[in-house]
Amino acid sequence: MKALVQNILVAVNGSQSSIHAAMYGIIMAKQYRLNLKFVYVVDTATLKRLTIGKFLVQEESAGLEGNLRADGEKYLNYVMGLAKKKGVKAEMELREGSVWVEVVKAADMFGAKMILLGGHPSRYAVTGKVHDDSSIFSKTNKDIILNANCSTLVVYEPKVEDLFRIL
């Protein structure tokens, strides 16, 4: 019988909750022998809108994009290091564009059967509906959940660091 889930993708944005989702993904990959991929998206879509709207000048936008790219590489290398320490092989990808669009595309291209997102329970209703709030990442999570072609899991495991240490 073929496994229900073979490939999982973790959206990393540098937040503590996304690092926890990465740890959770590493635990899952090790325990169930899953293929794991981390993706970070440089939000060039928002930078473009801010530049067109004259909130940023072109030079500022280019500088921010470079900083975001460097941050993305740093966070991806960090979670790859965590995976390596636990003996888990993983892939990583730095993408550019609209965050939710690129996460969904990356999941599709990877053949992911599950996307892991970092989150916090206060932002999610018991019914599974995502509350609207001013947080950019929670809106992005909402868009990923609504548009993904596979299951999504919002990871909130308060003791994930402890679980990760004993893995």
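In what follows, every heavy atom counts, from backbone to side chain, and hydrogens, waters and symmetry copies are set aside. Only a predicted model underlies this, so the values are computations on that prediction, with no experimental measurement involved.
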Shared hydrophobic cluster, Val88 / Leu163 (ILVMFWY, side-chain heavy atoms < 4.5 Å): yes
Taken in chain and number order and not counting sequence neighbours, the residues that satisfy side-chain hydrogen bond (donor to acceptor under 3.5 Å, both in side chains) with Gln31 are none
Mind checking what makes salt bridge (Lys or Arg N to Asp or Glu O under 4.0 Å) contact with Glu93, not counting sequence neighbours? Lys37, Arg95
Got more than 12 heavy atoms from elsewhere within 6.0 Å of CZ, Phe164? yes
Just to verify, what does Ala90 make a side chain to side chain contact (heavy atoms under 4.5 Å, CB included) with, not counting sequence neighbours? Leu36, Phe38, Met80, Ala83
Tell me every residue that passes salt bridge (Lys or Arg N to Asp or Glu O under 4.0 Å) with Lys30, counting only those two or more places apart in sequence or in another chain. none
Determine, step by step, whether Val104 and Val101 satisfy the side-chain contact (heavy atoms from CB on, under 4.5 Å) criterion, reporting the C-alpha distance in whole Å, the side-chain angles of both residues, the deciding distance to 0.1 Å, and the verdict. CA-CA 5 Å; Val104 170; Val101 170; over 6 Å; no
Side-chain contact test, heavy atoms from C-beta onward, threshold under 4.5 Å: evaluate it for Asn141 versus Thr152 and give yes or no. no
Considering only distance and modelled atom types, tabulate donor-acceptor pairs under 3.5 Å from the side chains of residues 20-28, sequence neighbours left out.
from: His20; atom 1: NE2; to: Gln16; atom 2: NE2; distance (Å): 3.0
from: His20; atom 1: NE2; to: Glu161; atom 2: OE2; distance (Å): 2.7

Heavy-atom check, side chain of Val160 versus side chain of Val155, under 4.5 Å: no
Thr46: which residues meet the side chain to side chain contact (heavy atoms under 4.5 Å, CB included) condition with it, sequence neighbours left out? Asp43, Arg49, Leu50
Do side-chain atoms of Ser18 reach the backbone of Asn13 as a donor and acceptor pair under 3.5 angstrom? yes
Could you go through Ile19 and Val79, starting from their C-alpha distance and side-chain angles, then the distance that decides it, and tell me whether this counts as side-chain contact (heavy atoms from CB on, under 4.5 Å)? CA-CA 7 Å; Ile19 300 301; Val79 295; 3.8 Å; yes
Roughly how far, to the nearest 0.5 Å, is the CG atom of Asn77 from the NZ atom of Lys84? 11.0 Å
Would the distance check show the side chain of Thr44 and the main-chain N or O of Gly97 forming a donor-acceptor pair, the cut-off being under 3.5 Å? yes
Go through Ser151 and Ile115 one step at a time and tell me if the side-chain contact (heavy atoms from CB on, under 4.5 Å) criterion holds. CA-CA 6 Å; Ser151 298; Ile115 299 171; over 6 Å; no
Tell me whether Leu116 shares a hydrophobic cluster with Met109, the cluster being built from Ile, Leu, Val, Met, Phe, Trp, Tyr side chains joined at under 4.5 Å. no
Between Trp100 and Lys142, is there a side-chain heavy-atom distance shorter than 4.5 Å? no
Consider only side-chain heavy atoms of I, L, V, M, F, W and Y, link residues closer than 4.5 Å, and tell whether Val10 and Phe110 are in one cluster. no
In chain order, what residues pass the side chain to side chain contact (heavy atoms under 4.5 Å, CB included) check against Asn67, with sequence neighbours excluded? none
Worked verdict on Tyr40 versus Leu68 for side-chain contact (heavy atoms from CB on, under 4.5 Å): CA-CA 10 Å; Tyr40 180 99; Leu68 290 172; 4.2 Å; yes
Partner set under side-chain hydrogen bond (donor to acceptor under 3.5 Å, both in side chains) for Lys113, not counting sequence neighbours: none
Heavy atoms, side chains only, cut-off 4.5 Å: are Asn7 and Leu34 in contact? no
Rounded to the nearest 0.5 Å, what separates atom CD in Glu102 from atom CD1 in Ile144? 11.0 Å
Please determine whether residues Leu153 and Tyr32 belong to a single hydrophobic cluster, defined as Ile, Leu, Val, Met, Phe, Trp and Tyr linked transitively by side-chain heavy-atom distances below 4.5 Å. yes
The side-chain hydrogen bond (donor to acceptor under 3.5 Å, both in side chains) partners of Asn147 (sequence neighbours excluded) come to none
Give, for atom CD of Gln58 and atom NZ of Lys48, the distance between the pair rounded to the nearest 0.5 Å. 10.5 Å
Among pairs that include at least one residue of residues 55-67, which meet salt bridge (Lys or Arg N to Asp or Glu O under 4.0 Å), considering only residues two or more places apart or in two chains? Glu65-Arg69
Report yes if the side chains of Val12 and Val39 come closer than 4.5 Å at any heavy-atom pair, otherwise no. no
Can you give me the closest heavy-atom contact between Gly72 and Leu94, atom names plus distance? CA-CD1, 3.9 Å
Which residues pass the side chain to side chain contact (heavy atoms under 4.5 Å, CB included) test with Lys159, sequence neighbours left out? Glu157, Asp162
Counterpart residues, side-chain hydrogen bond (donor to acceptor under 3.5 Å, both in side chains), relative to Asp71 (two or more places apart): none
